[in-house]
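Okay, structure first, notes after.
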Amino acid sequence: MKDIHLKDFKIDSKIDIKNLKTKVDLDASEKKIEKQLEKIRVKLGEWQNTMYAHGKYSVLVCFQGMDTAGKDSLIREVFKDFNVRGIDCHSFKSPTELELKHDYLWRHYVRLPARGKFGIFNRTHYENVLVTRVHPNYILGENIPTVTELSEVNEAFWDNRFNEIVNFEKTISNSGTIIFKFFLNLSKDEQRDRLIRRLEKKNKNWKFSADDLKERALWDNYQTCYEDAINRTSTANAPWYNIPADDKPTARLIVANILYETLKKYDDIKEPQLDPETESNIEAYKKQLKSE
């Protein structure tokens, strides 16, 4: 199996989305890829337990991608060996009435992971510069005092919003949140095939909506918005990673590998030491319990 190198997927310079890979060959069978994923996710689960005990960092894992990019199954498979107490997963749909009464980042802020925990955003705060940019009329529903008509949803508006998102990520990073942003990069042909499979398999029909086809018709618009969002917001403290998503097992392994190879570098994250009194009396405590 070919080695997975972070530098091949991390976005640290301006990109042209057409040049980003949607498929990569690891020169391994699907079974071998899945076995390797099993090994890494066990290590991730152990690392999370240590971080939970350490209690000073949190990890935010963000997934963005077009419909059918495989976000749900990737989350299920990569985080399968985590202790449920140490992980929170949230999928952001259309804003609720309550959420629209707050600023657009509020609903994301209140879902951030506490120290010691992993937080997973299945669709993220970037919906506010992707879906809303493709459909700018949605911005009017946010009831922003300074935006009363579509002409005010202009480049200056988006410049400001991108700056707010970068500052949001900088703030939480400075407070101890380790941020990963994964763009599950799916080809248009593969999306078509996955939508067809949803229609052909009865147990998958519920996932299909006629709106999927309406959004697919806006593919080029979305690609332009993704490219702009990635170029404006891939920073040292909150980098984007391009994950070729045409093959699901490969995408899952790449994500797991990036997480583990990055997180294990945080060598200050260790289980806390016992206080001197407890440590010096361990044998006495054991003796007391065994004598019951």
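The structure displayed is predicted, hence computed values, not measured ones.
Of the residues listed (Y126, Y226, F182), the one engaging W240 in a ring pair (Phe, Tyr, Trp, His ring centres under 6.0 Å) is Y126, and it is the only one.
Counting all heavy atoms, side chain and backbone alike, A229 lies closest to T233 at O-OG1, 2.5 Å. The two residues T278 and D275 have their closest heavy-atom pair at OG1-OD2, 2.8 Å. Pairing each heavy atom of D67 with each of L186, the nearest pair is O-CD2, 3.8 Å. Here the closest heavy-atom approach between residue V129 and residue C225 is recorded as O-CB, 4.3 Å. Here the shortest heavy-atom pairing between P113 and L60 reads CD-CD1, 4.2 Å.
In this structure, K2 does not pair ionically with D27, as no charged nitrogen and carboxylate oxygen lie closer than 4.0 Å. Look at R194 and D246 and you find no salt bridge, because none of the NZ, NE, NH1 or NH2 atoms lies under 4.0 Å from a carboxylate O. A salt bridge links K117 and D88; the closest N-O separation between the charged side-chain nitrogens and carboxylate oxygens is under 4.0 Å. With respect to K10 and D12, no salt bridge is recorded, no charged nitrogen being found less than 4.0 Å from a carboxylate O. Between E283 and K286 there is a salt bridge, with a side-chain nitrogen of the basic residue lying less than 4.0 Å from a carboxylate oxygen of the acidic one. A salt bridge is absent between R107 and E97; no separation between the charged side-chain nitrogens and carboxylate oxygens falls under 4.0 Å. E190 has a carboxylate O that lies under 4.0 Å from a charged side-chain N of R197, or vice versa, which qualifies the two as a salt bridge. With salt bridges taken as basic N to acidic carboxylate O contacts below 4.0 Å, none links K248 and E77. A salt bridge links R133 with D228: the distance from a Lys NZ or Arg NE/NH1/NH2 to an Asp or Glu carboxylate oxygen falls below 4.0 Å.
Of the possible polar contacts, none joining the N143 side chain to the K101 backbone as a donor-acceptor pair under 3.5 Å is found. Within the 3.5 Å criterion, the main-chain N or O of V166 finds no donor-acceptor partner in the side chain of E169. No donor-acceptor pair under 3.5 Å is formed between the side chain of N160 and the backbone N or O of A156. Judged purely by atom type and a 3.5 angstrom limit, N83 has no side-chain atom pairing as donor or acceptor with the backbone of G86. Between the side chain of R252 and the main chain of E34, no donor-acceptor pair closer than 3.5 Å is present. Looking only at distances, no side-chain donor or acceptor of S234 sits under 3.5 Å from a matching main-chain atom of I230. Checked by atom type and distance alone, the side chain of Q64 pairs as donor or acceptor with a backbone atom of T124 at under 3.5 Å. Proximity of a side-chain donor or acceptor of Q48 to a complementary backbone N or O of G116 within less than 3.5 Å is detected. In this structure, D212 contributes its side chain and S209 its backbone to a donor-acceptor pair below 3.5 Å. Judged purely by atom type and a 3.5 angstrom limit, N231 uses its side chain to pair as donor or acceptor with the backbone of I15.
For T96, the side-chain contact (heavy atoms from CB on, under 4.5 Å) criterion is met by L98, E99, not counting sequence neighbours. For H135, the ring-ring contact (aromatic ring centres under 6.0 Å, His included) partners two or more places apart in sequence, or in a different chain, are Y138. Every side-chain contact (heavy atoms from CB on, under 4.5 Å) that Y260 has, sequence neighbours left out, goes to I40, K43, L44, K264. Residues passing the ring-ring contact (aromatic ring centres under 6.0 Å, His included) test with Y52: none are found, sequence neighbours excluded. Not a single side-chain contact (heavy atoms from CB on, under 4.5 Å) links D267 to another residue, sequence neighbours left out. For H90, the side-chain contact (heavy atoms from CB on, under 4.5 Å) partners at least two apart in sequence or on another chain are F92, R111.
Looking only at side-chain heavy atoms (C-beta outward), T224 and E227 stay at 4.5 Å or farther from each other.
L213 and L218 fall into different hydrophobic clusters, defined by Ile, Leu, Val, Met, Phe, Trp and Tyr side-chain heavy atoms under 4.5 Å apart, directly or through other members.
In this pair, Y57 and Y266 present their aromatic rings perpendicular. The plane angle is above 60°, beyond the 30 to 60° band. Ring geometry for F121 against H108 counts as tilted: the plane angle lies between 30° and 60°, on a 0 to 90° scale.
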One pair to check against side-chain hydrogen bond (donor to acceptor under 3.5 Å, both in side chains): N237 and T235. What are the steps and the verdict?
CA-CA 5 Å; N237 59 287; T235 61; 3.2 Å; yes
